[in-house]
Amino acid sequence: MDRLRQRADFLAVANGARINAAAFVVQSRRRDDDGPIRVGFTVTKKHGTSTERNRIRRRLRELVRRLDTVSMRPHSDYVLVGRRAALTSDFSDMLEDLRAALHRIERQPSRSRDAKTFSGEVAAGSRKESASRQDRPSVPAPVGTELARNQNE
């Protein structure tokens with residue numbers, strides 16, 4: 001099992017499946033290559049001082065070490081985003097939460113490139129609709145707003 005270290009890899013995983021738990025969020029992305037399972041860890045600054053964030057990150061790394069790799073999909077990337085609750089949560093509960101989250105990710109249908117293309121077509125269609133709305137005459141403002149504008153002048 002390898003580690004994710006580059007920002008581009010973290011951003012790519014952020015677009016994949018996501019499962020929330022009390023102490024962390026698990027993000028997953030299936031890769032097209034035959035590389036090993038890669039795992040990344042991150043904790044945002046809003047979850048405490050650097051000492052607390054490092055402690056959260058260490059606890060998440062230990063969770064993954066104790067986890068059997070069978071529960072992770074091969075040729076996939078995972079990111080664990082730590083939350084402040086990871087400081088005080090019972091470690092065995094966090095391990096069970098991680099197993100359950102990975103199981104739920106496994107059951108989710110993976111996003112295909114066709115789905116992204118379809119959503120892009122829908123977005124393009126909505127832009128066309130909004131452009132045609134701009135061609136329409138605007139609706140006059142309610143009478144009360146004109147009175148308020150005149151009083152402010």
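For the numbers below, each heavy atom of this structure counts, side chains included, while hydrogens, waters and symmetry mates do not.
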Worksheet entry | Partners passing side-chain contact (heavy atoms from CB on, under 4.5 Å) against P36 (at least two apart in sequence or in another chain) | D2, R31

Only distances under 3.5 Å count here; give the side-chain donor-acceptor pairs of residues 92-105 to other protein atoms, sequence neighbours excluded, each with its distance to 0.1 Å.
| from | atom 1 | to | atom 2 | distance (Å) |
| --- | --- | --- | --- | --- |
| S92 | OG | D90 | OD2 | 2.6 |
| E96 | OE2 | R99 | NH1 | 3.0 |

Worksheet item: Minimum heavy-atom separation for E52 to T49, with atom names?
Response: OE1-N, 2.9 Å

Worksheet item: What is the minimum heavy-atom distance between Y78 and V13, and which atoms define it?
Response: C-CG1, 4.4 Å

Item to complete: For residues R29 and A12, report the shortest heavy-atom separation together with the two atoms involved.
Response: CD-O, 3.3 Å

Worksheet, complete the sentence: When rounded to the nearest 0.5 Å, the distance separating CD of E106 from CE of M72 is 11.5 Å

Item to complete: State the CZ-OG1 distance between R7 and T42, to the nearest 0.5 angstrom.
Response: 10.5 Å

Fill in: For A22 against A85, the heavy-atom pair lying closest together
O-CB, 3.5 Å

Worksheet entry | Heavy-atom pair of closest approach, residues L87 and R59 | O-NH1, 3.0 Å

Worksheet item: With a 4.5 Å heavy-atom cut-off, do I19 and V25 have their side chains touching?
Response: no

Worksheet item: Can you tell which of V64, L63, V79 makes a side chain to side chain contact (heavy atoms under 4.5 Å, CB included) with F41?
Response: V64

Discussion item. What I want to find out is whether E62 reaches R66 closely enough, with some N-O distance under 4.0 Å, to be called a salt bridge.
Written reply: yes

Practice prompt. Give a yes or no on whether the backbone of S76 and the side-chain of R30 come within a donor-acceptor separation of less than 3.5 Å.
Written response: no

Worksheet, complete the sentence: CZ of R38 to NE2 of H75, rounded to nearest 0.5 Å, is 12.5 Å

Worksheet item: Can you name the nearest heavy-atom pair linking H47 to I56, along with the distance?
Response: O-CD1, 4.2 Å

